[in-house]
Amino acid sequence: MFDFALFDLDGTLTDSYDGIINSVKHSLEKLGAPCPDERRLKCFIGPPLWDSFVTHCGFDKPTAERAVEYYREYYSVNGWQENKVYDGVLEMLQSLKAKGKTLGVATSKPEHYSKKIVHLFGLDKYFDFVAGATFDESRSTKDKVIAYALEQINTPKNRIVMVGDRSHDISGAKANGLKSIGVLYGYGDKNELTEAGADYIAKTPHDVVTIID
C-alpha cells in the first residue's frame with residue numbers, strides 16, 4: 001500500500017498529443033526543417049523538449065534552443081488547450097482521494113503550463129501541488145522534477161509511488177529511491193516500461209487504484 005502518489009501529466013492524466021505535435025510542427029516549419037515521421041513525433045511527448053529536438057531532429061544546441069522558443073510560441077497560445085483527460089482518470093482520482101491517498105503531479109512540462117492544464121480540467125482539487133520543469137532548463141529532467149516534488153512531501157519514500165507512461169518516469173523514480181507504476185494507456189509500451197524497471201504495470205486507470213491501495 002502507498003499513501004502518496006506522484007502522477008506524470010502528459011500520457012498519464014491527459015492525452016496531450018494534438019497540442020504537442022502541432023507545437024513541434026510549428027517549430028520545425030519556422031526553422032525550415034523537415035518534419036520527422038509519426039513514430040519520432042510521438043517521442044516528443046514526455047521527455048524534455050530540448051533533448052527531443054537534439055535526439056530526433058539532430059539539432060545542435062543553438063538550433064535546439066530556437067526550436068524550443070518556436071514550440072512555446074504556439075504552445076503558449078493554443079497547444080496547452082489542445083488536450084483532453086483520459087477516460088477513467090477522473091474516477092481514478094476520485095477513488096484514490098476517497099481512500100485517503102494524497103496526490104501530487106510531477107511532470108517534465110514547464111510548471112507554468114502544467115498548472116494551467118490541471119486547472120483547465122478541474123483536476124487541481126485532487127492534487128496537493130503541481131511540480132514541473134523550469135523555463136531556464138535548470139530543472140528539466142524527470143529525476144530533478146521528482147526530487148523537487150519530494151521536497152514538498154512529508155512521507156517516507158517507501159510509502160510514495162510514481163505513476164507514469166514513459167521510461168524517464170520510471171528511471172526518475174528509481175533515481176530518487178521510489179517505486180513506480182508504468183501505465184499502458186499513454187504513449188509508452190510494456191517493453192519500454194519493463195526494460196526501464198517499472199515495479200508495476202497498469203493497463204487502465206482502475207488498475208492504478210488497485211496497485212496503490
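Because only heavy atoms are used, hydrogens play no part in the values below, and waters and symmetry mates are left out as well, while side chains stay in.
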Legend entry - salt bridge (charged side-chain N to carboxylate O under 4.0 Å, His left out) evaluation trace for Arg166 with Asp8: CA-CA 9 Å; Arg166 299 299 306 275; Asp8 175 47; over 6 Å; no
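- Hydrophobic clustering keeps Ile153 apart from Val161 (ILVMFWY residues linked when any side-chain heavy atoms are closer than 4.5 Å, directly or through intermediates).
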Legend entry - side chain to side chain contact (heavy atoms under 4.5 Å, CB included) between Val145 and Arg139, intermediate numbers included: CA-CA 6 Å; Val145 170; Arg139 186 175 69 242; 4.2 Å; yes
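- A side-chain donor-acceptor contact under 3.5 Å links Thr194 to the backbone of Asn191.
- Using a 4.5 Å cut-off on side-chain heavy atoms (C-beta onward), Leu28 and Pro36 make contact.
- When hydrophobic clusters are built by joining Ile, Leu, Val, Met, Phe, Trp and Tyr residues whose side-chain heavy atoms come closer than 4.5 Å, directly or via intermediates, Val209 is not grouped with Leu184.
- In this structure, CD1 on Ile21 lies 8.0 Å from SG on Cys35, to the nearest 0.5 angstrom.
- Here the CD atom belonging to Glu69 is positioned 9.5 Å from the CG atom belonging to Leu31, to the nearest 0.5 angstrom.
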Inset, instruction - Go through Leu13 and Val85 one step at a time and tell me if the side chain to side chain contact (heavy atoms under 4.5 Å, CB included) criterion holds. - result: CA-CA 6 Å; Leu13 296 174; Val85 178; 6.0 Å; no
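- Note that CG of Asp169 is 8.0 Å distant from CG of Leu193, once rounded to the nearest 0.5 Å.
- Heavy atoms from other residues, nucleotides or ligands lying under 6.0 Å from CG of Asp60 number more than 12.
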Legend entry - Test side-chain hydrogen bond (donor to acceptor under 3.5 Å, both in side chains) applied to Tyr74 and Glu82, step by step: CA-CA 11 Å; Tyr74 180 92; Glu82 296 172 342; 2.8 Å; yes
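- Of all heavy-atom pairs between Ala196 and Ile170, the closest is O-CG2, 3.5 Å.
- Counting heavy atoms of neighbouring residues, nucleotides and ligands inside a 6.0 Å radius, atom NZ of Lys116 exceeds 12 of them.
- No side-chain heavy atom of Ser52 sits under 4.5 Å from any side-chain heavy atom of Cys43.
- Using cut-offs of 30° and 60° on the angle between ring planes, the pair Phe53 and Phe59 is parallel.
- Closest of all the heavy-atom pairs between Lys157 and Leu150 is CE-CD1, 4.0 Å.
- Atom OG of Ser95 sits about 11.0 Å away from atom OH of Tyr126, to the nearest 0.5 Å.
- Leu178 and Val208 are members of different hydrophobic clusters when ILVMFWY side chains are connected at heavy-atom separations under 4.5 Å.
- In summary, of the residues considered (Val183, Leu93, Val89), a side chain to side chain contact (heavy atoms under 4.5 Å, CB included) with Pro205 occurs for Val89 alone.
- Judged purely by atom type and a 3.5 angstrom limit, Ser167 has no side-chain atom pairing as donor or acceptor with the backbone of Glu192.
- One finds no salt bridge joining Glu29 and Lys25 here, because no Lys/Arg side-chain nitrogen approaches an Asp/Glu carboxylate oxygen to under 4.0 Å.
- Across Cys57 and Phe44, no two heavy atoms sit closer than the pair SG-CZ, 3.9 Å.
- Counting only distance, with no hydrogens or angles, the side chain of Glu91 and the backbone of Asp87 share no donor-acceptor pair below 3.5 Å.
- Hydrophobic clustering, with ILVMFWY side chains joined whenever heavy atoms are under 4.5 angstrom apart, groups Leu103 together with Leu90.
- Applying the ring-ring contact (aromatic ring centres under 6.0 Å, His included) rule to pairs touching residues 81-120 yields Tyr75-Tyr113, Tyr86-Tyr185, Tyr113-Phe135, sequence neighbours excluded.
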Legend entry - Steps toward side chain to side chain contact (heavy atoms under 4.5 Å, CB included) verdict (Thr141, His168): CA-CA 8 Å; Thr141 60; His168 65 279; over 6 Å; no
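- The two residues Ala106 and Lys142 have their closest heavy-atom pair at O-CE, 2.9 Å.
- Among all heavy-atom pairs drawn from Ala202 and Ile181, the shortest one is CB-CG2, 3.9 Å.
- At least one side-chain heavy atom of Ile146 sits less than 4.5 Å from a side-chain heavy atom of Met162.
- Between Thr107 and Phe7, the closest side-chain pair of non-hydrogen atoms is not below 4.5 Å.
- Counting only residues at least two apart or in different chains, salt bridge (charged side-chain N to carboxylate O under 4.0 Å, His left out) contacts with residues 198-213 comprise Lys99-Asp213, Lys101-Asp213, Lys179-Asp199.
- For Gln152 against Ala131, the heavy-atom pair with the smallest separation is NE2-CB, 4.3 Å.
- Looking at Asp128, its side chain never comes within 3.5 Å of a backbone N or O of Gly104 through a donor-acceptor pair.
- Phe129 and Leu120 fall into different hydrophobic clusters, where Ile, Leu, Val, Met, Phe, Trp and Tyr side chains are chained together by heavy-atom contacts under 4.5 Å.
- In terms of modelled atom types and a separation under 3.5 Å, the side chain of Ser27 and the main chain of Ala67 share a donor-acceptor contact.
- Under a 3.5 Å cut-off, the side chain of Ser23 and the backbone N or O of Gly19 do form a donor-acceptor pair.
- A distance of 8.0 Å separates CD1 in Ile212 from CZ in Phe2, rounded to the nearest 0.5 Å.
- Atom NZ of Lys97 has more than 12 heavy atoms from other residues, nucleotides or ligands within 6.0 Å.
- Atoms CG and CG, on Leu6 and Asn176 in that order, are 9.5 Å from each other to the nearest 0.5 Å.
- Defined by atom type and a distance below 3.5 Å, a donor-acceptor pair is missing between the side-chain atoms of Thr155 and Asp3.
- Between the Lys30 side chain and the Tyr71 main chain, no donor and acceptor come within less than 3.5 Å of each other.
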